[in-house]
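Treat the numbers as computed from the prediction; the structure is a model and nothing was measured.
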Amino acid sequence: MSPESKKLFNILILGVSFMFIFTAFQTCGNIAQTVITNLNNTEFHGSGYTSMSIIYGVFSASNLISPSVVAIVGPQLSMVISGVFYSLYIAVFIQPSTWAFYTVSVFIGIAAAVLWTAQGNCLTVNSDENSIGRNSGIFWALLQSSLFFGNLYIYFAWQGKTHISESDRRTVFIALTVISLVGTVLFFLIRKQEDTKTPEEEDSTNELQGDKKSIKLSFTKEILLLSVTTAYTGLELTFFTGVYGTCIGAVNRFGNEGKSLIGLSGIFIGVGEVLGGGIFGLVSKKNHFGRNPVVMLGIIVHFIAFYLIFFNIPNDAPIAPMEGTDYVAYMIPSKEVAILCSFLLGLGDSCFNTQLLSILGFLYSEDSAPAFAIFKFVQSICAAVAYFYSNYFLLQWQLLIMVVVGFFGTVTFFVVEWEAAAFVARGSDYSSI
């Protein structure tokens with residue numbers, strides 16, 4: 001196998017492994033709050049929103065040390081260990097208890113930081129400046145296809161159900177735990193590259209240098225500007241992975257199909273993600289206009305989705321009780337509009353994330369682990385904040401926050417991309433800045 005074929009193989013295995021793990025985890029996140037509100041066990045007092053807030057809060061703090069962990073353990077083993085903790089979190093829902101639920105939420109926050117830092121390292125090591133766009137698109141498409149399978153099962157299994165029984169819950173989460181473990185085992189198939197450093201090659205000096213690089217990079221103009229864009233992806237990540245599905249399931253006007261529509265919504269978010277990741281990965285080599293048009297498309301698509309959601313979904317849907325909400329927004333709630341918005345949310349998210357992965361891999365090919373750690377730090381801390389306020393804020397305020405941050409995030413991305421294009425035109429080495 002040629003070196004290029006070996007690198008492409010690694011990218012495919014990386015994507016497929018993440019597809020399995022996040023088939024389980026994203027389906028879990030999509031239905032967690034709905035499942036929790038249907039628990040009959042009065043001893044369980046957990047909240048899906050609070051759990052996700054803990055996960056992303058710990059995730060953000062752990063990104064400060066994750067480059068050192070990946071340097072010591074190696075990217076492959078880091079991903080394997082992290083995958084085990086993802087599986088444990090999902091397994092908690094088989095027989096929920098409040099203390100276990102929140103304890104594992106802390107551990108998965110740490111594991112997530114290590115997992116995504118290792119992923120960024122693996123993606124960069126197996127790419128060059130010509131293939132980073134294609135590989136980012138391939139990985140993103142495979143990752144987000146995870147939204148299909150679990151949600152497809154939810155759609156058919158929960159069809160016509162207004163209450164989720166204990167048997168329904170256990171069946172779903174046993175299956176999701178096994179799927180997550182399969183993805184974890186697949187990481188062992190990734191082949192080491194020559195530039196991937198083994199644990200033996202790392203010492204305490206290199207670990208310290210990794211932390212110093214993260215701190216130094218955090219204060220560069222490029223990272224500060226891209227942090228606004230990254231903050232937006234954290235806010236909208238929270239919205240489409242946890243809040244929007246809960247909103248749909250809470251609308252009583254959708255009748256008996258309300259709960260199954262959560263699954264259908266997840267599927268169409270996945271369609272948008274995969275379509276966007278596939279298209280932007282394939283056209284990256286032929287794109288002479290840079291990354292800005294793709295990000296512009298993303299923000300336009302999201303603004304259209306937010307506008308339609310504002311008119312279609314009742315304002316109190318994110319915080320509705322188990323009985324749901326009978327309120328109507330500015331139009332009679334439409335299932336078709338709700339699912340169209342799911343597709344638009346997924347498509348817009350893929351626009352932002354593929355281009356952020358691409359520009360980070362291009363600008364910081366020499367410092368991939370610290371750069372991706374900062375990216376996930378900012379994204380996850382904003383996701384944690386968003387999950388926290390989702391417990392209290394009405395829908396209109398959540399949408400308004402995303403509109404404002406999304407606008408400024410688009411502008412700051414444009415500035416960095418223009419500067420990158422100017423350096424390329426002059427034949428300069430951008431990564432040396």
Side-chain angles (χ1 to χ4, degrees), residues 1 3-22 25 59 62-87 107-128 131-132 135-136 138-140 142-143 180-211 213-214 217 353 356-358 360-377 379-380 431:
M1 186 181 286
E4 282 305 311
S5 298
K6 188 176 176 181
K7 288 182 177 181
L8 182 59
F9 174 81
N10 284 346
I11 294 295
L12 291 172
I13 292 297
L14 183 69
V16 171
S17 298
F18 270 71
M19 180 185 73
F20 274 95
I21 290 173
F22 284 88
F25 184 70
F59 184 6
S62 300
N63 273 297
L64 299 174
I65 61 167
S66 60
S68 296
V69 174
V70 173
I72 296 168
V73 181
Q76 186 180 52
L77 190 56
S78 294
M79 290 189 287
V80 171
I81 295 170
S82 299
V84 171
F85 279 103
Y86 271 80
S87 304
F107 284 116
I108 199 176
I110 300 169
V114 174
L115 179 71
W116 282 103
T117 301
Q119 177 271 335
N121 177 272
C122 188
L123 180 66
T124 304
V125 163
N126 288 282
S127 305
D128 54 36
S131 62
I132 185 67
N135 290 348
S136 296
I138 290 171
F139 172 77
W140 195 253
L142 285 169
L143 168 65
S180 178
L181 288 171
V182 170
T184 302
V185 171
L186 287 176
F187 284 131
F188 285 114
L189 297 179
I190 294 176
R191 303 177 182 186
K192 289 183 179 179
Q193 292 297 310
E194 289 179 6
D195 14 2
T196 304
K197 296 179 181 178
T198 61
E200 292 77 20
E201 294 171 309
E202 300 292 340
D203 56 27
S204 59
T205 303
N206 289 339
E207 297 164 38
L208 186 60
Q209 286 175 347
D211 291 333
K213 280 182 179 179
S214 293
L217 279 177
N353 277 283
L356 276 168
L357 287 173
S358 176
L360 286 171
F362 172 71
L363 298 181
Y364 302 104
S365 57
E366 305 278 322
D367 300 303
S368 62
F372 280 97
I374 294 166
F375 165 65
K376 297 310 293 186
F377 171 77
Q379 187 182 62
S380 54
S431 63

Under 4.5 Å between any side-chain heavy atoms of [X] and [Y], yes or no?
X      : Y      : value
Asp128 : Glu4   : yes
Ile138 : Leu8   : yes
Asn353 : Gln379 : yes

Is there a side chain to side chain contact (heavy atoms under 4.5 Å, CB included) between Leu360 and Ile374? Walk through the geometry before answering.
CA-CA 10 Å; Leu360 286 171; Ile374 294 166; over 6 Å; no
[X] side chain to [Y] backbone, donor-acceptor under 3.5 Å:
X      : Y      : value
Thr117 : Val114 : no
Asn135 : Asn126 : yes
Ser127 : Thr124 : no

For Ala113 and Ser62, the nearest pair of non-hydrogen atoms, with its separation, is CB-CB, 3.5 Å
Return the minimal non-hydrogen interatomic distance between Ile21 and Ser180, and the atom names on each side.
CG1-O, 3.6 Å
Once rounded to the nearest 0.5 Å, what's the spacing between atom [atom1] of [X] and atom [atom2] of [Y]?
X      : Y      : atom1 : atom2 : answer
Ile108 : Phe59  : CD1   : CZ    : 10.0 Å
Ile190 : Ile11  : CD1   : CD1   : 8.5 Å
Leu189 : Gln76  : CG    : CD    : 8.5 Å
Ser17  : Leu143 : OG    : CG    : 11.0 Å
Leu115 : Ser66  : CG    : OG    : 10.5 Å

Phe18: which residues meet the ring-ring contact (aromatic ring centres under 6.0 Å, His included) condition with it, sequence neighbours left out?
Phe22, Trp116, Phe139, Phe187
Taking only residues two or more places apart in sequence or in another chain, which ones pass ring-ring contact (aromatic ring centres under 6.0 Å, His included) with Phe375?
none
Please report, to 0.1 Å, the donor-acceptor pairs under 3.5 Å made by any side chain of residues 77-85, with sequence neighbours excluded.
residue	atom	partner	partner atom	Å
Ser78	OG	Gly74	O	2.6
Ser82	OG	Ser78	O	2.8
Ser82	OG	Ala111	O	3.0

